[in-house]
Each structure stands twice: as C-alpha cells, then as structure tokens.
Amino acid sequence: MSDDYLLPDMCQTMADVRHGVDATDRELIALLDRRFGYMRAAARIKTDRNAVRDKERKAEVIANARADADARGLPGERIVELWESLVETSIAYELVEWERIRS
C-alpha cells in the first residue's frame with residue numbers, strides 16, 4: 001500500500017477516503033509501537049513493581065487527551081474512553097515487561 005494519500009479536505013471519492021484512513025491507521029500503529037516502547041523503558045527503569053500503576057499519572061494522561069481532543073473539536077468523552085483503554089492496556093503491557101525483564 002502506498003502512503004501517498006490525500007488529506008481529508010482534498011478527498012473526492014470514497015476510495016480516496018479509504019486510502020487515507022488505511023494510511024492513517026498504519027501511522028497510528030507506528031505511534032502505538034513507539035508509545036509501547038516507552039512502556040518497555042518504564043518497565044526497565046522502575047525498580048518497584050508497585051510503581052507501574054500510577055493513578056495520578058493515569059488521570060493526568062487522560063485529562064491531557066481530553067483537553068487536546070476538546071481543543072480540536074473532537075468528541076472528548078469518547079476520547080476519554082479510548083484513552084482509558086489505552087492506558088490500562090499500557091499498564092498491563094508494562095507489568096508483563098517488568099516481570100519479563102526480572103525473570
């Protein structure tokens with residue numbers, strides 16, 4: 001698949017839209033790969049397993065996502081739901097990595 005896609009306002013056909021969505025999804029996966037790399041780094045850096053779950057940091061990350069979504073005119077409440085799932089998945093991943101590193 002090619003990554004030369006049209007930006008949304010330039011799309012003329014549903015094929016253009018679908019191509020752009022597919023390209024954007026690949027970019028999102030690449031960003032998630034980077035984000036989970038930070039989870040691996042956190043697992044390596046944190047010496048205490050109990051430090052993996054940080055409620056204050058979780059709340060901050062979700063609030064930041066909500067504020068950014070609101071500023072962009074995106075559905076903030078739905079973004080909060082996505083980020084809740086993303087952060088919980090990240091925590092679970094970090095715990096697995098924390099255990100793997102120390103086994």
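Every heavy atom of this structure was used, including side-chain atoms; hydrogens, water molecules and symmetry mates were not.
Residue Arg40 comes nearest to Tyr93 through the heavy atom pair NH1-OH, 2.8 Å, listed as atom of the first residue, atom of the second, then distance. When all heavy atoms of Gly76 and Ala69 are compared, the pair lying nearest together is CA-CB, 4.2 Å. Here the shortest heavy-atom pairing between Trp83 and Val61 reads CD1-CG1, 3.8 Å.
Judged by distance alone, with hydrogens and angles left aside, the side-chain atoms of Arg102 form a donor-acceptor pair with the main-chain N or O of Trp98 at under 3.5 Å. A donor-acceptor pair under 3.5 Å is absent between the side-chain atoms of Ser85 and the main chain of Leu82, judged by distance alone. Looking only at distances, no side-chain donor or acceptor of His19 sits under 3.5 Å from a matching main-chain atom of Leu6.
Leu7 contributes atom CG, which lies 8.5 Å from atom OG1 of Thr24 (distance to the nearest 0.5 angstrom). To the nearest 0.5 angstrom, Ile101 atom CD1 is 10.0 Å from Glu99 atom CD. Distance check, rounded to the nearest 0.5 Å: CD1 of Ile91 to CZ of Arg57 gives 11.0 Å. Atom NZ of Lys46 and atom CG of Asp54 lie 6.5 Å apart (nearest 0.5 Å). Rounding to the nearest 0.5 Å places CD of Glu81 at 6.0 Å from CD of Glu77.
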Side chain to side chain contact (heavy atoms under 4.5 Å, CB included) assessment of Leu32 paired with Leu86: CA-CA 9 Å; Leu32 286 169; Leu86 174 61; 3.7 Å; yes

For Asp22 and Tyr5: C-alpha separation, side-chain torsions, deciding distance, then whether side chain to side chain contact (heavy atoms under 4.5 Å, CB included) applies. CA-CA 9 Å; Asp22 291 346; Tyr5 55 89; over 6 Å; no

The test is side chain to side chain contact (heavy atoms under 4.5 Å, CB included); show your working for Asp48 and Asn50 and say whether it passes. CA-CA 5 Å; Asp48 181 358; Asn50 293 326; 3.5 Å; yes

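More than 12 heavy-atom neighbours from other residues, nucleotides or ligands sit within 6.0 angstrom of CE on Met14. By the 6.0 Å contact criterion, CZ on Arg18 is open, its count of non-hydrogen atoms from other residues, nucleotides or ligands being 12 or less.
At least one side-chain heavy atom of Glu60 sits less than 4.5 Å from a side-chain heavy atom of Asn64.
Val87 and Leu28 fall into different hydrophobic clusters, defined by Ile, Leu, Val, Met, Phe, Trp and Tyr side-chain heavy atoms under 4.5 Å apart, directly or through other members.
With respect to the salt-bridge test (charged N to carboxylate O, under 4.0 angstrom), the residues Arg53 and Glu94 do not qualify. Between Arg66 and Asp70, at least one side-chain N (NZ, or NE/NH1/NH2) sits under 4.0 Å from a carboxylate O, which counts as a salt bridge. Taking 4.0 Å as the cut-off between side-chain N and carboxylate O, Glu97 and Arg44 do not count as a salt-bridged pair.
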